[in-house]
Amino acid sequence: MAFESLSEKFQRILKKVKGQSRLTEANMDEMLKEVRIALLEADVNFKVVKEFVEQVKQKAIGEEVYTKLNPSQMVVKIVHDELTELLGSGESEIIYEKNKPTIIMLVGLQGTGKTTSAGKLANLMKRKLAKKVLLAACDVYRPAAIDQLQQIGKQIDVPVFTMGTDVSPVEIAVKAKEKAYNDHFDVLIIDTAGRLQIDEPLMKELNDISAKVEPNEVLLLVDAMSGQDAINVAKAFNESLSLTGIIMSKLDGDARGGSSLSIKHLTGVPIKFAGTGEKLTDLDVFHPDRMADRILGMGDIVTLVEKVQEEIDEKEARKDAEAMLDGKFTLDDLLKQMKRIQKLGSMGGLLKLIPGMPKITEEQKEAGEREMRNFEAIINSMTPYERQHPEVLKNSRKVRIANGCGKTNADINRLLKRYESMLEMMKKMQQYKKTGRMPPGMGFPPGGMM
């Protein structure tokens with residue numbers, strides 16, 4: 001994940017600060033030196049790093065942090081606020097038109113995944129915001145581009161306007177706008193052609209489209225993996241087209257993330273969306289404050305709650321929770337819970353959103369996800385009766401199940417042990433439900449929740 005290395009370094013630096021009973025100018029300078037190195041190693045622009053460090057120091061002095069007995073919280077707040085400012089403070093969401101289509105023109109270089117991102121954007125607006133979206137295929141130069149957009153449109157059930165490859169992109173965009181108005185679409189997303197590099201014909205075509213359709217938003221897709229080149233591309237496009245926002249793709253990769261921290265400051269163009277994977281659901285509205293939380297290891301509970309609300313039916317979840325507290329929990333229910341977790345994304349990605357969670361290695365993430373897949377295969381190999389009554393699973397049945405799913409008796413025993421542990425936990429929770437008193441070993445430590 002982008003920022004992972006930077007996040008680890010920041011957490012280590014701030015942990016040192018928390019160990020100081022009092023901050024002096026000397027240990028503050030030492031901390032800022034480490035911050036400077038961490039940012040530079042993350043490929044953040046040198047000028048941006050210099051200004052960031054100066055701002056943190058000035059604010060620390062202004063808040064009289066040095067004189068406080070426990071200054072660590074103030075330092076963390078200052079660093080957090082400056083990171084948020086650097087990423088583009090404030091919400092960067094699209095402002096939608098009323099009673100007419102909001103026109104979004106998507107631009108970028110070839111090979112950055114622009115057509116896929118057009119589909120992701122349409123899917124996000126349809127799924128999360130209940131918008132009626134129309135996609136327009138204006139890349140007439142790349143033979144597969146129109147077919148690709150049409151296939152994506154089918155997958156997300158969004159119509160695609162196309163006039164083939166023998167019509168100019170400007171005419172296609174104009175006709176798409178007419179259709180969006182006539183058929184009362186909420187949003188029109190225009191997928192334009194890219195080039196291997198910025199050139200005059202490309203910019204002229206994009207300017208011609210912009211002049212004719214007058215888009216509300218001109219969004220540039222940039223690849224987080226391209227590092228500082230992303231900033232140069234953003235500057236060039238912005239000078240010609242007056243960009244309104246950026247979609248930063250591949251933030252789920254191993255990019256160091258420096259371009260994301262530099263781009264708003266150096267170009268003035270905010271990041272509005274972040275691509276976090278290859279699926280058509282892997283695009284999120286970019287929230288600078290939440291990203292700052294993640295970089296500093298504070299998690300992101302708001303995003304986690306939003307994911308849960310989007311993917312899980314609240315009434316069904318409440319009904320299942322009540323059944324569990326009443327002691328009604330079968331292997332079918334366990335399978336249902338695992339499928340819900342899988343809907344929310346990877347285990348590693350979810351854990352990063354929870355504040356205070358210890359760091360787990362890639363091997364541990366893979367082992368956890370592998371075990372979940374094994375459990376699913378085992379339960380699917382059982383009969384409906386066995387899932388409802390796992391107590392009947394003696395050796396002969398286990399051998400049959402193991403042969404059916406390609407697992408071992410040990411794997412089945414591991415699943416049953418996990419299931420029994422959950423049942424034991426539920427019995428304790430039933431005791432709490434009846435008496436109102438927390439069972440031994442399940443209460444808060446002396447002194448309250450903290």
field: Flag for T408-D411: side-chain donor and acceptor within less than 3.5 Å
entry: yes
field: V218, L188, I189 screened by side chain to side chain contact (heavy atoms under 4.5 Å, CB included) with I103, the one that passes
entry: L188
- request: Search all heavy atoms of K177 against all heavy atoms of E214 and return the closest pair with its distance.
  value: NZ-OE1, 4.4 Å
- prompt: Judged by modelled atom types alone, do H265 and E85 share a side-chain donor-acceptor pair under 3.5 Å?
  reply: no
field: Atom pair CD1/CG of I263 and N45 - distance to nearest 0.5 Å
entry: 11.0 Å
- prompt: Do K33 and D29 sit within salt-bridge range, that is, some charged N less than 4.0 Å from a carboxylate O?
  reply: no
- prompt: Roughly how far, to the nearest 0.5 Å, is CD1 of I378 from NZ of K398?
  reply: 11.0 Å
task: Provide the closest heavy-atom pair for G194 versus K114 in the form atom of the first, atom of the second, distance.
output: N-NZ, 3.8 Å
message: Just verifying a value: how many Å separate I146 CD1 and M163 CE, rounded to the nearest 0.5 Å?
response: 10.5 Å
field: NZ (K175) with more than 12 external heavy atoms under 6.0 Å
entry: no
query: Is there any side-chain hydrogen bond (donor to acceptor under 3.5 Å, both in side chains) pair reaching into residues 133-147, and which pairs are they, with sequence neighbours excluded?
result: T115-R142, Y141-E205, R142-Q148
Nearest-0.5 Å distance, CD1 of residue I13 to CZ of residue R36: 11.0 Å
- prompt: Is it true that the side chains of T330 and D333 contain a donor and an acceptor less than 3.5 Å apart?
  reply: yes
query: At what distance, to the nearest 0.5 angstrom, does SG of C138 lie from CD of E171?
result: 10.5 Å
query: Is a side-chain N or O of D186 found less than 3.5 angstrom from the main chain of K132, in a donor-acceptor match?
result: yes
message: Can you give me the closest heavy-atom contact between V285 and L124, atom names plus distance?
response: N-CD1, 4.2 Å
query: Are there more than 12 heavy atoms of other residues, nucleotides or ligands under 6.0 Å from atom OH of Y181?
result: yes
message: Test your reading of the model: is there a side-chain donor-acceptor pair from K272 to the backbone of G245, 3.5 Å cut-off?
response: no
- prompt: Between CG of L220 and CE of M105, what distance do you get to the nearest 0.5 Å?
  reply: 11.0 Å
query: Is the shortest side-chain N to carboxylate O distance from K9 to E41 below 4.0 Å?
result: yes
message: Is there a side-chain contact between V56 and V35 in this structure, where contact means two heavy atoms from C-beta onward sitting under 4.5 Å apart?
response: no
message: Test your reading of the model: is there a side-chain donor-acceptor pair from D191 to the backbone of A118, 3.5 Å cut-off?
response: no
